[in-house]
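These notes are about the structure you will find just below.
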Amino acid sequence: MVRFKNRYLLFEIVYADTPLGWTSIPASTSLALTNASQPGEAADQGPFGDTGRNNCRLPPLANKDLLFALKDSIAENFGDYGAGLTQRPLTLKYFSPHTNVGILRISREEMHIVWGALTFINQLKGRPCIIKVIHTSGTIKKCQLTTIKYDRDRIMFLRNQAQLLKDNQAYTQLGLAYKESADEVNSLEI
Amino acid sequence: MFYDLNIPVTPSSGSTPSAQDQLETRKRVELLAHLGYQAVAYNNEITGKMPQNHVNPVTKLALPGINLKQYSRLTLVVDDISQNYGLNTNNPSIASYDILAVNPTNEKLFQAACGTFEVDIISLDMSARLPFYLKHSTVGLAVERGIYFELCYGAAIRDATARRNLISNAQSLIRVTRGKNIIISSQAMRAMELRGPYDIVNFGTLLGLNQAVAKDCLSSHCRAVAMHAETRRNTNRAVMSVAPVASLAETEQWKLGGGTPGGAKRKKSTGDGEDDKDKGANKKKATKDQTETAK
(Lines give C-alpha, C1' and ligand atoms only; values in the text may rest on other atoms or scores of the structure.)
Protein backbone atom coordinates (compact mmCIF):
# COMPACT_ATOMS: atom_id res chain seq x y z
CA MET A 1 0.00 0.00 0.00
CA VAL A 2 0.98 3.61 0.15
CA ARG A 3 1.70 3.79 3.86
CA PHE A 4 5.22 4.93 4.59
CA LYS A 5 7.06 2.34 6.65
CA ASN A 6 9.82 3.14 9.10
CA ARG A 7 12.42 1.23 10.92
CA TYR A 8 13.76 2.25 14.31
CA LEU A 9 17.31 1.10 15.01
CA LEU A 10 18.39 0.78 18.61
CA PHE A 11 22.13 1.17 18.81
CA GLU A 12 24.86 1.51 21.40
CA ILE A 13 28.18 3.31 21.10
CA VAL A 14 31.09 1.45 22.63
CA TYR A 15 34.13 3.63 23.20
CA ALA A 16 37.70 2.43 23.21
CA ASP A 17 38.87 3.44 26.60
CA THR A 18 36.05 2.93 29.02
CA PRO A 19 35.21 -0.24 30.87
CA LEU A 20 32.79 -2.14 28.73
CA GLY A 21 29.15 -1.48 29.41
CA TRP A 22 28.17 1.53 31.40
CA THR A 23 30.09 4.76 31.10
CA SER A 24 29.26 6.17 34.49
CA ILE A 25 30.20 3.24 36.66
CA PRO A 26 33.13 4.12 38.93
CA ALA A 27 36.64 3.08 38.15
CA SER A 28 36.69 -0.18 40.04
CA THR A 29 35.29 -2.58 37.45
CA SER A 30 36.90 -5.66 36.00
CA LEU A 31 38.48 -4.13 32.95
CA ALA A 32 39.86 -1.15 34.78
CA LEU A 33 41.44 -3.48 37.28
CA THR A 34 43.05 -5.48 34.53
CA ASN A 35 44.39 -2.36 32.93
CA ALA A 36 45.48 -0.73 36.15
CA SER A 37 47.96 -3.52 36.63
CA GLN A 38 49.69 -2.65 33.35
CA PRO A 39 51.94 0.35 33.73
CA GLY A 40 51.84 3.04 31.11
CA GLU A 41 48.26 2.45 30.04
CA ALA A 42 46.86 5.63 31.55
CA ALA A 43 44.15 6.04 28.99
CA ASP A 44 42.56 2.75 29.97
CA GLN A 45 42.00 3.48 33.62
CA GLY A 46 38.44 4.40 34.43
CA PRO A 47 38.20 7.98 33.29
CA PHE A 48 35.44 8.97 35.63
CA GLY A 49 35.17 9.88 39.27
CA ASP A 50 33.19 7.92 41.78
CA THR A 51 30.37 10.25 42.61
CA GLY A 52 27.89 8.39 40.49
CA ARG A 53 26.03 8.63 37.25
CA ASN A 54 26.41 12.24 36.33
CA ASN A 55 30.09 12.63 36.75
CA CYS A 56 30.95 11.28 33.39
CA ARG A 57 34.14 12.83 32.02
CA LEU A 58 33.47 11.81 28.46
CA PRO A 59 32.56 14.85 26.36
CA PRO A 60 28.81 14.62 25.90
CA LEU A 61 27.92 13.77 22.35
CA ALA A 62 25.31 16.05 20.86
CA ASN A 63 22.66 14.61 18.56
CA LYS A 64 23.93 16.57 15.61
CA ASP A 65 27.47 15.20 15.99
CA LEU A 66 26.19 11.71 15.60
CA LEU A 67 23.96 12.58 12.67
CA PHE A 68 26.76 14.37 10.84
CA ALA A 69 29.08 11.44 11.39
CA LEU A 70 26.42 9.09 10.04
CA LYS A 71 25.73 11.23 6.97
CA ASP A 72 29.45 11.46 6.26
CA SER A 73 29.74 7.72 6.52
CA ILE A 74 26.83 7.21 4.11
CA ALA A 75 28.36 9.67 1.64
CA GLU A 76 31.77 8.00 1.89
CA ASN A 77 30.57 4.43 1.52
CA PHE A 78 27.51 4.78 -0.64
CA GLY A 79 28.13 8.02 -2.49
CA ASP A 80 25.77 10.80 -3.40
CA TYR A 81 23.17 8.28 -4.48
CA GLY A 82 23.10 6.64 -1.09
CA ALA A 83 23.07 9.97 0.66
CA GLY A 84 20.07 11.06 -1.35
CA LEU A 85 18.13 7.84 -0.87
CA THR A 86 18.46 7.83 2.89
CA GLN A 87 18.08 11.53 3.59
CA ARG A 88 14.42 11.43 4.53
CA PRO A 89 13.49 10.55 7.26
CA LEU A 90 16.87 10.02 8.90
CA THR A 91 16.45 11.37 12.43
CA LEU A 92 17.85 10.60 15.82
CA LYS A 93 14.91 10.10 18.12
CA TYR A 94 16.63 9.45 21.41
CA PHE A 95 20.14 9.47 22.65
CA SER A 96 21.39 9.18 26.19
CA PRO A 97 24.95 10.41 26.82
CA HIS A 98 25.06 8.43 30.07
CA THR A 99 24.51 5.05 28.56
CA ASN A 100 25.47 5.87 24.95
CA VAL A 101 22.33 4.21 23.68
CA GLY A 102 20.21 5.79 20.97
CA ILE A 103 17.24 5.24 18.68
CA LEU A 104 17.46 6.20 15.02
CA ARG A 105 14.53 6.48 12.64
CA ILE A 106 15.08 5.47 9.02
CA SER A 107 13.00 4.36 6.10
CA ARG A 108 12.39 0.63 5.75
CA GLU A 109 13.68 0.34 2.19
CA GLU A 110 17.10 1.73 2.92
CA MET A 111 17.62 0.16 6.30
CA HIS A 112 20.51 -2.00 5.14
CA ILE A 113 22.38 0.93 3.66
CA VAL A 114 22.12 3.08 6.78
CA TRP A 115 22.93 0.12 8.99
CA GLY A 116 26.00 -0.63 6.87
CA ALA A 117 27.13 2.97 7.14
CA LEU A 118 26.71 2.82 10.93
CA THR A 119 28.93 -0.26 11.00
CA PHE A 120 31.75 1.53 9.19
CA ILE A 121 31.90 4.47 11.56
CA ASN A 122 35.33 4.42 13.17
CA GLN A 123 35.37 7.40 15.44
CA LEU A 124 33.15 10.12 16.83
CA LYS A 125 34.59 13.55 17.66
CA GLY A 126 38.07 12.12 17.54
CA ARG A 127 37.40 9.21 19.87
CA PRO A 128 37.60 5.71 18.40
CA CYS A 129 34.36 3.84 18.85
CA ILE A 130 32.17 0.99 17.67
CA ILE A 131 28.48 1.33 16.94
CA LYS A 132 26.59 -1.82 17.72
CA VAL A 133 22.98 -2.18 16.62
CA ILE A 134 20.99 -4.01 19.25
CA HIS A 135 17.47 -4.15 17.87
CA THR A 136 15.40 -3.06 14.90
CA SER A 137 11.70 -2.53 15.03
CA GLY A 138 8.84 -1.04 13.11
CA THR A 139 7.52 0.85 16.10
CA ILE A 140 9.29 3.02 18.58
CA LYS A 141 7.43 1.54 21.51
CA LYS A 142 9.16 -1.79 21.06
CA CYS A 143 12.51 -0.07 20.81
CA GLN A 144 11.87 1.70 24.10
CA LEU A 145 11.03 -1.55 25.81
CA THR A 146 14.15 -3.18 24.41
CA THR A 147 16.28 -0.25 25.61
CA ILE A 148 15.07 -0.82 29.12
CA LYS A 149 15.67 -4.56 28.91
CA TYR A 150 19.14 -4.10 27.43
CA ASP A 151 20.19 -1.60 30.09
CA ARG A 152 19.01 -3.95 32.78
CA ASP A 153 20.81 -6.97 31.31
CA ARG A 154 23.99 -4.95 31.14
CA ILE A 155 23.68 -3.73 34.71
CA MET A 156 23.08 -7.28 35.90
CA PHE A 157 26.17 -8.49 34.08
CA LEU A 158 28.31 -5.72 35.58
CA ARG A 159 26.84 -6.44 38.97
CA ASN A 160 27.83 -10.08 38.58
CA GLN A 161 31.35 -9.07 37.68
CA ALA A 162 31.50 -6.68 40.64
CA GLN A 163 30.36 -9.50 42.87
CA LEU A 164 33.00 -11.86 41.48
CA LEU A 165 35.63 -9.23 42.19
CA LYS A 166 34.12 -8.54 45.63
CA ASP A 167 33.65 -4.88 44.84
CA ASN A 168 30.88 -3.71 47.13
CA GLN A 169 30.81 -0.10 46.18
CA ALA A 170 30.22 -0.82 42.53
CA TYR A 171 27.68 -3.43 43.51
CA THR A 172 25.46 -1.02 45.41
CA GLN A 173 25.79 1.74 42.87
CA LEU A 174 24.78 -0.61 40.11
CA GLY A 175 21.76 -1.56 42.16
CA LEU A 176 20.66 2.07 42.18
CA ALA A 177 21.32 2.40 38.49
CA TYR A 178 19.08 -0.61 37.90
CA LYS A 179 16.17 1.20 39.50
CA GLU A 180 16.77 4.40 37.58
CA SER A 181 17.23 2.95 34.13
CA ALA A 182 13.59 2.25 33.40
CA ASP A 183 12.50 5.67 34.62
CA GLU A 184 14.83 7.54 32.35
CA VAL A 185 13.72 5.81 29.19
CA ASN A 186 10.04 5.95 30.02
CA SER A 187 10.12 9.62 30.78
CA LEU A 188 11.10 10.46 27.24
CA GLU A 189 8.51 12.16 25.19
CA ILE A 190 8.60 10.81 21.73
CA MET B 1 25.71 -18.86 18.87
CA PHE B 2 28.15 -16.56 17.15
CA TYR B 3 31.72 -17.43 16.42
CA ASP B 4 34.69 -15.28 15.56
CA LEU B 5 37.29 -17.63 14.19
CA ASN B 6 40.13 -15.22 13.49
CA ILE B 7 41.65 -13.17 16.26
CA PRO B 8 45.31 -12.78 15.30
CA VAL B 9 47.61 -13.38 18.22
CA THR B 10 50.84 -13.82 16.32
CA PRO B 11 53.53 -12.70 18.71
CA SER B 12 55.06 -9.47 17.43
CA SER B 13 58.56 -10.51 18.39
CA GLY B 14 60.01 -13.81 19.44
CA SER B 15 57.90 -16.85 20.06
CA THR B 16 55.86 -15.86 23.10
CA PRO B 17 53.42 -12.96 23.24
CA SER B 18 54.57 -9.86 25.09
CA ALA B 19 52.58 -8.16 27.84
CA GLN B 20 51.31 -5.62 25.33
CA ASP B 21 50.08 -8.40 23.04
CA GLN B 22 48.35 -10.10 25.92
CA LEU B 23 46.58 -6.92 26.94
CA GLU B 24 45.38 -6.40 23.37
CA THR B 25 44.10 -9.94 23.26
CA ARG B 26 42.29 -9.54 26.52
CA LYS B 27 40.64 -6.33 25.35
CA ARG B 28 39.50 -7.98 22.14
CA VAL B 29 38.10 -10.99 23.92
CA GLU B 30 36.18 -8.95 26.48
CA LEU B 31 34.77 -6.75 23.75
CA LEU B 32 33.71 -9.83 21.79
CA ALA B 33 31.88 -11.11 24.84
CA HIS B 34 30.15 -7.74 25.21
CA LEU B 35 29.20 -7.59 21.54
CA GLY B 36 27.49 -10.96 21.71
CA TYR B 37 29.89 -13.63 20.48
CA GLN B 38 30.05 -16.99 22.22
CA ALA B 39 33.15 -18.53 20.74
CA VAL B 40 36.50 -17.26 19.56
CA ALA B 41 39.59 -18.74 17.91
CA TYR B 42 43.06 -17.32 18.48
CA ASN B 43 44.96 -17.37 15.22
CA ASN B 44 48.69 -17.77 14.91
CA GLU B 45 50.00 -17.12 11.43
CA ILE B 46 53.14 -18.76 10.05
CA THR B 47 54.62 -18.08 6.65
CA GLY B 48 56.44 -20.78 4.78
CA LYS B 49 57.67 -23.95 6.34
CA MET B 50 56.64 -25.00 9.83
CA PRO B 51 59.66 -24.66 12.09
CA GLN B 52 60.79 -27.88 13.72
CA ASN B 53 60.35 -27.18 17.40
CA HIS B 54 57.38 -24.97 17.16
CA VAL B 55 55.67 -24.07 20.40
CA ASN B 56 52.03 -23.09 20.33
CA PRO B 57 51.97 -19.49 21.65
CA VAL B 58 48.23 -19.43 22.20
CA THR B 59 47.11 -19.31 25.81
CA LYS B 60 43.44 -19.58 26.60
CA LEU B 61 42.32 -16.86 28.98
CA ALA B 62 40.46 -17.48 32.19
CA LEU B 63 37.21 -15.54 31.98
CA PRO B 64 35.10 -15.86 35.10
CA GLY B 65 31.44 -15.10 34.57
CA ILE B 66 31.80 -14.81 30.80
CA ASN B 67 30.47 -17.61 28.66
CA LEU B 68 32.96 -17.87 25.79
CA LYS B 69 34.51 -20.93 24.16
CA GLN B 70 38.11 -20.53 23.06
CA TYR B 71 39.88 -22.38 20.28
CA SER B 72 43.40 -22.10 18.96
CA ARG B 73 44.04 -21.87 15.26
CA LEU B 74 47.01 -21.97 12.96
CA THR B 75 47.13 -20.30 9.57
CA LEU B 76 49.90 -21.42 7.28
CA VAL B 77 50.75 -19.06 4.47
CA VAL B 78 52.14 -21.38 1.82
CA ASP B 79 53.86 -20.36 -1.36
CA ASP B 80 55.50 -23.61 -2.33
CA ILE B 81 54.12 -27.11 -2.80
CA SER B 82 56.89 -28.69 -0.75
CA GLN B 83 55.57 -27.04 2.38
CA ASN B 84 52.64 -29.40 2.25
CA TYR B 85 54.57 -32.31 3.65
CA GLY B 86 54.43 -31.05 7.21
CA LEU B 87 50.75 -30.41 6.97
CA ASN B 88 49.27 -33.56 8.37
CA THR B 89 47.83 -34.23 11.76
CA ASN B 90 50.66 -36.54 12.81
CA ASN B 91 52.92 -33.56 13.11
CA PRO B 92 52.81 -32.76 16.85
CA SER B 93 53.17 -29.02 16.49
CA ILE B 94 50.17 -28.94 14.16
CA ALA B 95 48.19 -31.21 16.44
CA SER B 96 48.55 -28.70 19.27
CA TYR B 97 46.16 -26.32 17.48
CA ASP B 98 42.43 -26.90 17.41
CA ILE B 99 41.71 -25.53 13.95
CA LEU B 100 43.97 -25.54 10.89
CA ALA B 101 43.81 -23.01 8.07
CA VAL B 102 45.87 -22.47 4.97
CA ASN B 103 46.46 -19.36 2.89
CA PRO B 104 47.58 -20.30 -0.63
CA THR B 105 49.32 -17.59 -2.60
CA ASN B 106 49.15 -18.97 -6.12
CA GLU B 107 46.81 -20.94 -8.32
CA LYS B 108 48.58 -24.27 -8.14
CA LEU B 109 48.57 -24.22 -4.37
CA PHE B 110 44.95 -23.13 -4.29
CA GLN B 111 44.09 -26.16 -6.38
CA ALA B 112 46.12 -28.41 -4.11
CA ALA B 113 44.51 -26.91 -1.01
CA CYS B 114 41.00 -27.45 -2.32
CA GLY B 115 41.76 -30.95 -3.49
CA THR B 116 44.19 -32.59 -1.15
CA PHE B 117 45.37 -30.62 1.89
CA GLU B 118 44.02 -31.75 5.25
CA VAL B 119 42.78 -28.40 6.51
CA ASP B 120 39.60 -26.90 7.88
CA ILE B 121 39.63 -23.39 6.42
CA ILE B 122 41.04 -21.85 3.25
CA SER B 123 41.76 -18.24 3.91
CA LEU B 124 42.49 -15.82 1.08
CA ASP B 125 43.69 -12.28 1.53
CA MET B 126 40.60 -10.39 0.46
CA SER B 127 41.94 -6.91 1.02
CA ALA B 128 44.09 -6.94 -2.11
CA ARG B 129 43.33 -8.07 -5.65
CA LEU B 130 43.34 -11.86 -5.75
CA PRO B 131 46.33 -13.20 -7.70
CA PHE B 132 44.20 -15.84 -9.43
CA TYR B 133 40.66 -16.35 -10.57
CA LEU B 134 38.34 -18.45 -8.47
CA LYS B 135 37.09 -21.28 -10.60
CA HIS B 136 33.87 -23.10 -9.99
CA SER B 137 35.47 -26.53 -10.44
CA THR B 138 38.29 -25.96 -7.96
CA VAL B 139 36.07 -24.42 -5.36
CA GLY B 140 33.61 -27.27 -5.80
CA LEU B 141 36.29 -29.73 -4.69
CA ALA B 142 36.68 -27.92 -1.40
CA VAL B 143 32.94 -27.66 -0.86
CA GLU B 144 32.59 -31.40 -1.32
CA ARG B 145 35.29 -32.11 1.26
CA GLY B 146 33.70 -29.83 3.84
CA ILE B 147 36.35 -27.12 3.75
CA TYR B 148 35.22 -23.56 4.35
CA PHE B 149 36.37 -20.32 2.78
CA GLU B 150 37.00 -17.37 5.01
CA LEU B 151 36.07 -13.71 4.55
CA CYS B 152 37.82 -11.33 6.92
CA TYR B 153 36.19 -7.97 7.51
CA GLY B 154 38.89 -6.38 9.66
CA ALA B 155 40.79 -4.88 6.75
CA ALA B 156 37.61 -3.25 5.45
CA ILE B 157 37.13 -1.41 8.71
CA ARG B 158 40.72 -0.15 8.64
CA ASP B 159 41.11 1.10 5.12
CA ALA B 160 38.94 2.31 2.20
CA THR B 161 40.80 0.59 -0.66
CA ALA B 162 40.71 -2.67 1.25
CA ARG B 163 36.97 -2.18 1.60
CA ARG B 164 36.51 -2.00 -2.17
CA ASN B 165 38.69 -5.04 -2.73
CA LEU B 166 36.89 -6.99 -0.06
CA ILE B 167 33.50 -6.24 -1.57
CA SER B 168 34.65 -7.21 -5.03
CA ASN B 169 36.45 -10.39 -3.95
CA ALA B 170 33.59 -11.39 -1.69
CA GLN B 171 31.17 -11.03 -4.57
CA SER B 172 33.20 -13.40 -6.74
CA LEU B 173 33.58 -15.88 -3.88
CA ILE B 174 29.86 -15.83 -3.19
CA ARG B 175 29.08 -16.25 -6.86
CA VAL B 176 31.41 -19.22 -7.20
CA THR B 177 30.39 -21.02 -4.02
CA ARG B 178 26.74 -19.99 -4.34
CA GLY B 179 26.77 -18.91 -0.70
CA LYS B 180 27.74 -22.30 0.70
CA ASN B 181 30.82 -23.03 2.75
CA ILE B 182 31.67 -19.46 3.66
CA ILE B 183 32.56 -18.18 7.08
CA ILE B 184 33.04 -14.56 8.09
CA SER B 185 35.54 -13.56 10.72
CA SER B 186 37.22 -10.44 11.95
CA GLN B 187 41.01 -10.63 11.70
CA ALA B 188 40.94 -7.65 14.03
CA MET B 189 44.34 -6.47 15.18
CA ARG B 190 42.86 -4.10 17.72
CA ALA B 191 39.65 -4.12 19.72
CA MET B 192 38.13 -1.21 17.81
CA GLU B 193 38.11 -3.18 14.58
CA LEU B 194 35.55 -5.65 15.85
CA ARG B 195 31.86 -5.31 15.05
CA GLY B 196 28.75 -6.85 16.52
CA PRO B 197 27.44 -10.05 14.96
CA TYR B 198 24.22 -8.60 13.62
CA ASP B 199 26.16 -5.74 12.06
CA ILE B 200 28.25 -8.27 10.20
CA VAL B 201 25.13 -10.16 9.13
CA ASN B 202 23.87 -6.91 7.65
CA PHE B 203 27.19 -6.41 5.91
CA GLY B 204 26.79 -9.90 4.46
CA THR B 205 23.43 -8.90 2.99
CA LEU B 206 25.09 -5.88 1.41
CA LEU B 207 27.58 -8.26 -0.21
CA GLY B 208 24.78 -10.23 -1.77
CA LEU B 209 24.16 -13.07 0.65
CA ASN B 210 20.66 -13.91 1.77
CA GLN B 211 20.08 -12.73 5.34
CA ALA B 212 19.60 -16.25 6.73
CA VAL B 213 22.72 -17.46 4.93
CA ALA B 214 24.71 -14.48 6.19
CA LYS B 215 23.73 -15.34 9.73
CA ASP B 216 24.76 -18.96 9.13
CA CYS B 217 28.16 -17.75 7.95
CA LEU B 218 28.74 -16.44 11.44
CA SER B 219 27.18 -19.27 13.36
CA SER B 220 26.39 -22.69 12.00
CA HIS B 221 29.14 -22.74 9.33
CA CYS B 222 31.68 -21.82 11.98
CA ARG B 223 30.39 -24.60 14.16
CA ALA B 224 30.80 -26.95 11.23
CA VAL B 225 34.42 -25.86 10.96
CA ALA B 226 35.00 -26.59 14.64
CA MET B 227 33.40 -30.02 14.23
CA HIS B 228 35.41 -30.71 11.09
CA ALA B 229 38.56 -29.82 13.00
CA GLU B 230 37.67 -32.10 15.85
CA THR B 231 36.90 -34.96 13.50
CA ARG B 232 40.20 -34.42 11.74
CA ARG B 233 42.13 -34.46 14.97
CA ASN B 234 40.44 -37.05 17.08
CA THR B 235 39.02 -39.68 14.84
CA ASN B 236 40.34 -42.38 12.60
CA ARG B 237 38.92 -41.69 9.14
CA ALA B 238 35.86 -40.05 10.74
CA VAL B 239 34.42 -43.35 11.84
CA MET B 240 35.96 -44.35 15.06
CA SER B 241 37.71 -42.70 17.92
CA VAL B 242 39.44 -44.30 20.81
CA ALA B 243 39.20 -42.93 24.32
CA PRO B 244 40.89 -44.36 27.39
CA VAL B 245 38.66 -46.06 29.96
CA ALA B 246 39.73 -43.55 32.58
CA SER B 247 38.06 -40.68 30.71
CA LEU B 248 34.55 -42.05 31.14
CA ALA B 249 32.41 -40.04 33.56
CA GLU B 250 30.67 -41.61 36.56
CA THR B 251 27.35 -41.90 34.79
CA GLU B 252 28.89 -43.73 31.87
CA GLN B 253 30.63 -46.53 33.65
CA TRP B 254 27.85 -48.88 32.58
CA LYS B 255 29.32 -48.88 29.09
CA LEU B 256 32.21 -51.01 30.24
CA GLY B 257 30.45 -53.69 31.89
CA GLY B 258 29.41 -57.22 31.57
CA GLY B 259 27.59 -57.07 28.24
CA THR B 260 24.09 -58.49 28.18
CA PRO B 261 22.74 -59.67 24.83
CA GLY B 262 20.38 -56.74 24.71
CA GLY B 263 23.09 -54.35 25.81
CA ALA B 264 24.14 -53.20 22.34
CA LYS B 265 20.65 -52.10 21.38
CA ARG B 266 20.15 -50.11 24.52
CA LYS B 267 23.39 -48.27 24.04
CA LYS B 268 22.38 -47.07 20.58
CA SER B 269 19.13 -45.51 21.70
CA THR B 270 20.60 -43.51 24.58
CA GLY B 271 23.79 -42.69 22.74
CA ASP B 272 22.36 -39.97 20.52
CA GLY B 273 20.80 -38.07 23.37
CA GLU B 274 23.96 -37.51 25.31
CA ASP B 275 25.84 -35.83 22.56
CA ASP B 276 27.04 -32.56 23.89
CA LYS B 277 27.73 -33.57 27.44
CA ASP B 278 30.43 -36.12 26.83
CA LYS B 279 33.78 -34.65 26.12
CA GLY B 280 35.61 -37.77 27.09
CA ALA B 281 33.70 -40.42 25.26
CA ASN B 282 33.97 -38.73 21.87
CA LYS B 283 30.67 -39.95 20.58
CA LYS B 284 29.69 -37.00 18.54
CA LYS B 285 31.21 -37.99 15.24
CA ALA B 286 29.13 -37.82 12.13
CA THR B 287 28.43 -41.52 11.89
CA LYS B 288 26.23 -44.03 13.56
CA ASP B 289 29.08 -46.40 14.44
CA GLN B 290 29.71 -46.82 18.08
CA THR B 291 32.90 -45.74 19.68
CA GLU B 292 35.04 -48.42 21.13
CA THR B 293 36.75 -47.88 24.39
CA ALA B 294 40.22 -49.31 24.76
CA LYS B 295 40.13 -52.15 27.14
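Within every chain, numbering begins at 1; the chains are lettered A, B, ... in the order of the sequence lines, protein sequences first and strands thereafter. This structure is a prediction, so every number in the text was calculated from the model and none was measured.
- Among all heavy-atom pairs drawn from Phe120(A) and Arg195(B), the shortest one is C-NH2, 4.4 Å.
- Within a 6.0 Å radius of CD in Gln87(A), no more than 12 heavy atoms belonging to other residues, nucleotides or ligands are found.
- Contact count against chain B (heavy-atom pairs under 4.5 Å) is highest for Ile130(A) among Ile130(A), Thr136(A), Ile121(A).
- By a heavy-atom distance cut of under 4.5 Å, Ala156(B), Ile157(B), Arg163(B) are the residues of residues 156-166 of chain B near chain A, going up by number.
- Atom OH of Tyr133(B) sits in a sparse spot, with 12 or fewer heavy atoms from other residues, nucleotides or ligands closer than 6.0 Å.
- No more than 12 heavy-atom neighbours from other residues, nucleotides or ligands sit within 6.0 angstrom of NZ on Lys149(A).
- Environment of CG in Asp80(A): sparse, with no more than 12 heavy atoms of neighbouring residues, nucleotides or ligands closer than 6.0 Å.
- Heavy atoms of Leu118(A) lying under 4.5 Å from chain B are absent altogether.
- Interface remark: Ile134(A) contributes no atoms to any contact with chain B (heavy atom separation under 4.5 Å).
- Enclosure of atom NZ in Lys141(A) is not indicated, since only 12 or fewer non-hydrogen atoms of other residues, nucleotides or ligands lie within 6.0 angstrom.
- Listed in order of number, the residues of residues 199-206 of chain B that approach chain A to under 4.5 Å between heavy atoms are Asp199(B), Asn202(B), Phe203(B), Thr205(B), Leu206(B).
- For chain B, the nearby part of Glu76(A) is the side chain; its heavy atoms alone come within less than 4.5 Å.
- Looking at Met192(B) and Arg127(A), their side chains never come closer than 4.5 Å, going by heavy atoms from C-beta outward.
- Here the OH-CG distance, from Tyr198(B) to Leu9(A), works out to 14.5 Å after rounding to the nearest 0.5 Å.
- Open room surrounds CD on Gln211(B); 12 or fewer heavy atoms of other groups in view lie less than 6.0 Å from it.
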